[in-house]
Amino acid sequence: MKFPAAARGFLRRFPLVTPLSGRRCNLEPLEARQLLSATAEFRVVNDWGGGFQGEIKITNDQTPRSSWQLEFDFAGNLTDIWDASLSSHSGSHYVIANAPWNGGLDPGEVVTFGFVATPGNVASGPLNYVFNGVPVGSTPGPTLAIADASVTEGNQGTATVNFVVTLSAASPTPVTVQYATLPGSASVGEDFVSRSGTLTWNPGQTTQTIAVTVAGDVRDEENETFTVVLSSPSGASLARSTATGTIVDNDAAPSVTIAGTNAYEPLEGTSTGSGFLHTAGNQILNAANQPVRIAGVSWFGMESDTFSPHGLWTRGYRSMMDQMVAEGFNTIRLPFSNQLFDSGSVPNGIDFSQNPDLQGLSGLGIMDKIVAYAGQIGLRILLDHHRSSAGAGPNENGLWYLGSYSEARWIADWTMLAQRYAGNPTVIGADLHNEPYGQATWGTGGAYDWRLAAERAGNAILAVNPDWLIVVEGVQEGSSGSYWWGGNLSAAGAFPVRLNVPGRLVYSPHDYPQSVYAQSWFNSPNYPNNLPEIWDRNWGYLFRQGIAPVLLGEFGSRLATTSDQLWFDKMVDYLAGDLDGNGASDLGAGQLGMSWTFWSWNPNSSDTGGILQNDWRTVNREKVTGLSAIQFDFPEVSASTTAPATVTVALSAPSGKTVTVSYATLAGSAAAGADFQGTTGTLTFAPGETQKTLGVPIVGDSLVEGSESFRVELSNPANVTIVTSSALVTILDGQGLLGDANADGRVDGADYTVWADNFLQASVLGRFAGDFNRDGVVNGADYTIWADRFSPPAQAPVASAAMALDEPSEPAPSAAPALDSEDGTRTRTALRGLWIDPAAVDEVCSETARDEEAALGRPWRSRTRRR
């Protein structure tokens, strides 16, 4: 949400319905209209100066149509079209064709399509309408119609599909029409050869043929289609201007395999703030069923073309997050775009001297780092799909998908993230999409119903990660009228989001003050006392009536005006529990008020500013002080540490169909619940995808034990054949940390494993680097271990000789283990029973009873715990 203040008047507002400036084209008396090909009517729905929303209504006045095409001249630039498609645009000339669902028009039937165009302040509409090749208002002559056609593709070479174009009656003069192919699910070059040209009927002829070449392949896929469009007829009108060409697939389904993997058991259980969250009534609860409040702040940037949180050009991300904790926030709402996960999206705008461990990482890798550090310092992460392509604010079309980033891609990216962070209570949930508006509806059914899309995405997420909260924003238009983008949840009570896992739904409106956009209620004589009733009507009733928890996902201001300050104070009181604005709390016993995430941490939100000032360091104390009444500290709840084992499932070849396969874990020597969390779900491969991963949470414990294993089984294939149905997952005991013995910066078969629980006297081998994060590479995030005595046990495997760290029976400073942090940080690292702080190693060693090993005849352990 980072727009110039002048633009914000359009970007978070209900539409300003302007007087209709449209005009009826070629209106005739009813008896005269019976002879015309069609009529057309243009009107302006909304004009905001920089652009406008318009619509054109077409009335088919005579001949039944199975498809239609409208040509016109217009000096403006059409940027978005709905309920129709753009066939061509040259200069000021537009050719618009029907959408797949509204091509059929009987005599007298009406069809309407809409569009967004620039510039605004419209003085006149389109001119020179031509409907199906006949100028609007003229009398049609013979008609042309093109028929659908199909062909089986074959496995190699090419085939030809023939489209027959028929003239309704022979003409005494030549008739011509132009034609062109357009891609659909079939692609130009890959599936068929594009064609265009002109057909001519000499006097007496009634049929012509268009031959299109299609390519064979061996990829299993849905039947694919393309279209042939007729335009610019001469001597006839168009009765059916569009035909569908179908390429019939004849290929076998690909096969699917699942690969086994090894996973280290995480370090022993520890305390984590609140554990996983769930809901009951209007409350969000922690793992101990205690009410909690999400009190967070949005830190944007990963949705932009920097592909990283903003401000890292001047500060380290850990310093930034430490300051969030210091200022009382317990959660980061972390916006991202689908484009973040594309291979070409390279993070930039980062000072790597202050963020050395982000060097060379992808956007997803940076997200991992933020999640990991948040877990260390007690912050929670709410992931927010802010937009599809990289940029600022919500999608330009108001929907949850845009251009090449389809709804399927949106859901696939969400399930990928849900699987990636499964078992990690730091990530609390998914804010499914930022600020649906415009075409997005609620409870109306159809392609633009945001409530149904939220159900599809939410249930797909919960199928792979049932622990997440599903956070659903509103729309712009609802039963209450028009409201802020994403802020209108007035229809959610009558049409609730239905999730397959109970206790996971949270509704999330957005709300802003007068400085963002001058809504009418800010000028009410009883302002700001009118605000609670407005909030209640649009979203607050969901909390007040106990329907579901409410998380106010965005609210913010520079607090530069009296109006904004009044709004802010009233909002804080409302979130705290004063739902009727009378100065007293309306909460029941044991209840907490609504949750929230403030917009924004960043100072570079042009209309609201941020918690930070422009130097990215100094805090705006007025904002933080104002929020203090609704801040919240998560209570500590005991929970086992988990870490995901990543299992890979792959297709033998890309498929053109959507492929699904179910999976489930099966216990072996590793027990479900004690050693791993039983997991079931369904993997969905979008067309062209060949690999998916699923995460099975491995549960940490304090036992010294051998390797354990379980299986992941595949079943219920759709559009695929299972070749390998079972994969073995081996859990390696968490006592071992890999060491880079040859100091080549990699951990591989030439290296050693350091065991913290088995200390043996040995010969001197010197130092090696320890791979503490177990990513297979020794880098700045790891430590260097110095030790005087090592010895490989006789039973050590040849490929990876196990090494044991010895602590001698008599105190000897030269034999004490010491760890150097290569990047100079003071991050504590848990080595099973030994907590190590690079700055306090001497203290750890001095507090250790080294003779305990000799006296008790058992491995030496530090008595020192986390300080």
When you measure from the side chain of Asp80 to the backbone of Asn397, do you find a donor-acceptor pair of N or O atoms at a distance under 3.5 Å?
no
Heavy-atom donor-acceptor pair, Asn102 side chain to Ala99 backbone, under 3.5 Å:
yes
Do Phe42 and Pro126 have side chains that get closer than 4.5 Å, going by heavy atoms?
yes
Hits for ring pair (Phe, Tyr, Trp, His ring centres under 6.0 Å) against Tyr405, two or more places apart or cross-chain, chain-then-number order -> none
Let me know which of Val229, Thr198, Leu199 forms a side-chain contact (heavy atoms from CB on, under 4.5 Å) with Tyr179.
Leu199
Aromatic ring proximity Tyr483/Tyr517, centre distance under 6.0 Å:
no
Flag, side chain of Ser185 to backbone of Glu224, donor-acceptor distance under 3.5 Å
no
Atom of Thr207, atom of Thr166 and distance for their closest heavy-atom approach:
CG2-OG1, 4.1 Å
The criterion is salt bridge (Lys or Arg N to Asp or Glu O under 4.0 Å); which residues satisfy it with Glu689, sequence neighbours excluded?
Lys692
Side chain to side chain, Leu489 and Trp442, heavy atoms closer than 4.5 Å:
yes
Can you tell me how far CH2 of Trp68 sits from CD1 of Ile58, rounded to the nearest 0.5 angstrom?
4.0 Å
Between Asp384 and Trp414 the two heavy atoms that sit nearest each other are N-CH2, 4.3 Å
Measuring from atom CZ of Arg240 to atom OG of Ser66, what distance do you get when rounded to the nearest 0.5 angstrom?
4.0 Å
Between Tyr401 (side chain only) and Ala408 (backbone N and O only), is there a donor and an acceptor less than 3.5 Å apart?
no
Salt bridge or not between Glu303 and Arg387? Use side-chain N to carboxylate O under 4.0 Å.
no
Distance check, rounded to the nearest 0.5 Å: Thr246 atom OG1 versus Glu153 atom CD?
12.0 Å
Looking at every non-hydrogen atom in both residues, tell me the closest pair between Asn488 and Gly481 and how far apart they are.
ND2-O, 2.8 Å
Centroid separation under 6.0 Å, is that true for the rings of Phe336 and Phe307?
no
At what distance, to the nearest 0.5 angstrom, does CG of Leu432 lie from CD of Glu473?
8.5 Å
Return the minimal non-hydrogen interatomic distance between Thr152 and Ala159, and the atom names on each side.
O-CB, 4.0 Å
Which residue is it: Pro335, Pro394, Ser337? I am looking for the one with a side-chain contact (heavy atoms from CB on, under 4.5 Å) to His386.
Pro335
Rounded distance (nearest 0.5 Å) linking atom CD of Gln69 with atom OG of Ser85
9.5 Å
